[in-house]
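This is a predicted model, so every value here is computed, not measured. Chain naming here is simple, since letters A, B, ... match the order of the sequence lines and numbering starts at 1 in each.
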There are 2 protein chains.
Amino acid sequence: MSSASNPGTTLRITEPLCAVFRRQLKAEGQKYTPERAQVLDAIIGLDGIFEAEQVIDELRRRRHRVSKATVYRTIHLMQEAGIIQRVLSEGDQAQYQLAYGQRPSDTLVRLDTREVIPIDVPELEALRERICRELGLRAQGHRLQIYAVAPEDAS
Amino acid sequence: MSSASNPGTTLRITEPLCAVFRRQLKAEGQKYTPERAQVLDAIIGLDGIFEAEQVIDELRRRRHRVSKATVYRTIHLMQEAGIIQRVLSEGDQAQYQLAYGQRPSDTLVRLDTREVIPIDVPELEALRERICRELGLRAQGHRLQIYAVAPEDAS
DNA sequence: CTTGGTGCAAACATTTTGCAGCACA
DNA sequence: TGTGCTGCAAAATGTTTGCACCAAG
């Protein structure tokens with residue numbers, strides 16, 4: 001719903017992520033190793049918001065031997081390369097999302113039941129564009145969390 | 001700033017938080033100790049979104065001897081009592097906010113400079129009310145984070 | 001008095017880092 | 001072939017827990 005339809009101006013998604021990563025690494029005199037490719041691939045396979053342990057699990061599932069340390073190190077590199085970005089999270093583990101072409105994640109959290117309900121708030125797209133325009137910036141994504149309870153649970 | 005003026009309908013803020021806490025504790029057969037009062041007080045003094053270490057620092061500043069363990073335990077109790085709620089956070093530490101009468105925290109994060117800019121998005125109030133109404137829930141707060149970069153930083 | 005609370009320090013979970021050997025550009 | 005990379009295990013956070021003693025109701 002967010003990408004693919006909007007041609008012209010902001011088109012920057014066509015280049016495969018691995019190419020972006022490779023280029024950014026080279027620019028820093030760093031190497032595009034098989035481990036890093038596997039981590040990137042696992043992350044793409046996870047689609048959406050993920051945390052380090054999910055990446056590690058996904059790699060294990062694929063029978064790729066990449067150490068925990070390398071996963072963490074690669075995640076940092078990908079952040080620097082602008083391929084992923086850290087986002088707000090509620091749990092104890094850091095969460096990230098692919099920086100390009102990702103659906104934003106808007107959720108409603110029920111404080112009484114701890115349920116997390118995905119919601120669709122199309123207005124936010126326009127809202128965030130307007131805010132960014134006013135500040136002279138370009139929007140890259142957003143995240144909204146609404147907290148709510150059942151009406152009778154008036155505390 | 002928030003209470004005292006608005007009587008009637010949604011009034012639920014007039015009761016001091018310490019009274020709410022005390023009542024909830026008693027209901028569970030638990031005690032309202034000086035340490036817990038000091039923790040609550042420190043949190044109120046912090047106003048807004050806070051993390052455990054800030055509470056510990058604030059207590060130290062006030063020369064109150066409350067152990068780290070007690071601070072964490074009290075934070076959990078306050079969550080159960082509905083006085084504070086855990087919110088999405090970007091760093092490595094858990095963040096909380098007072099559950100009542102708090103301004104929502106909307107921010108714009110510049111991915112290129114890592115700057116965090118508070119923004120005012122009045123539309124969100126209506127938006128979240130509408131969404132909650134549709135779901136038959138009562139809104140308690142929200143948090144929005146917009147990610148953006150400078151336009152020339154087209155990566 | 002009694003039950004729950006506190007501080008301390010050790011245990012935990014997640015993430016970071018030092019180091020010796022390894023492999024990509 | 002050299003510089004950067006990997007895995008391992010130890011260190012560094014942030015948070016939780018076991019235990020002996022203490023205090024609020």
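Residue A/Thr70 places at least one side-chain N or O closer than 4.0 Å to OP1 or OP2 of D/dG7. Residue B/His76 places none of its side-chain N or O atoms closer than 4.0 Å to OP1 or OP2 of D/dT15. Here A/Arg36 reaches the OP1 or OP2 of D/dT6: one of its side-chain N or O atoms lies under 4.0 Å away. Considering only side-chain N and O atoms, A/Thr33 lies nowhere under 4.0 angstrom from the phosphate OP1 or OP2 of C/dA23. OP1 or OP2 of D/dG14 has at least one side-chain nitrogen or oxygen of B/Gln93 nearer than 4.0 Å. A close approach under 4.0 Å does not occur between any side-chain nitrogen or oxygen of B/Tyr72 and OP1 or OP2 of D/dT16.
For B/Lys26 and C/dG4, the NZ to C1' distance is 15 Å, given to the nearest whole Å. A/Gln24 places its CD atom 18 Å from the P atom of D/dG4, with the value rounded to the nearest Å. A/Asp57 has its CG atom 11 Å from the P atom of C/dT14, to the nearest Å. Rounding to whole angstrom units, CZ of residue B/Phe21 and P of C/dG5 are separated by 10 Å. Separating the CD atom of A/Gln79 from the P atom of C/dT15 is a distance of 12 Å, rounded to the nearest angstrom. Note: CD1 (B/Ile56) to P (D/dT15) measures 8 Å, nearest angstrom. Atom CD1 of B/Ile75 is separated from atom C1' of D/dT16 by 13 Å (rounded to the nearest Å).
When each of B/Gly29 and B/Ser67 is assigned the nucleotide of DNA chain C bearing its nearest heavy atom, the one mapping closer to the 5' terminus is B/Gly29. Comparing B/Asp92 and B/Thr74 by the nucleotide of DNA chain C that holds the closest heavy atom to each, the one mapping nearer the 5' end is B/Thr74. With the nearest nucleotide of DNA chain D identified for both B/Gln30 and A/Leu77, A/Leu77 has the one nearer the 5' end.
Side chain B/Arg73 to base C/dG4: no donor-acceptor pair is found below 3.5 Å.
Picking from D/dC5, D/dG7, D/dA24 the nucleotide with the shortest atom distance to the side chain of A/Lys31 gives D/dC5. If you check D/dT6, D/dA24, C/dA25 against the side chain of A/Tyr32, the one that comes closest is C/dA25. Side chain of B/Ala69, nearest nucleotide from C/dA9, C/dG5, D/dC8: C/dA9. Listed nucleotides: D/dC5, C/dC24, C/dT15. Nearest to the side chain of A/Pro34: C/dC24. Taking every side-chain heavy atom of B/Glu35 into account, C/dT6 is the closest of C/dT6, D/dT15, D/dT6.
Among the heavy atoms of the strands lying under 4.0 Å from A/Lys68 is at least one base atom, whether or not backbone atoms are also near.
With A/Glu134 contributing its side chain and A/Ile131 its backbone, the two residues share no donor-acceptor pair below 3.5 Å.
Put simply, the side chain of B/Ile83 does not reach to within 4.5 Å of the side chain of B/Gln24, judged on heavy atoms. A/Glu28 is not listed as a side-chain neighbour of A/Leu77, based on a closest heavy-atom distance of 4.5 Å or more.
Salt bridge absent: A/Arg73 and A/Glu35 never bring a charged side-chain N and a carboxylate O closer than 4.0 Å. The existence of a salt bridge linking B/Arg62 and B/Glu58 is confirmed by a sub-4.0 Å separation between a basic side-chain nitrogen and an acidic carboxylate oxygen.
Heavy atoms only, all atoms of each residue included: A/Lys31 and A/Leu25 are closest at O-CD1, 3.5 Å.
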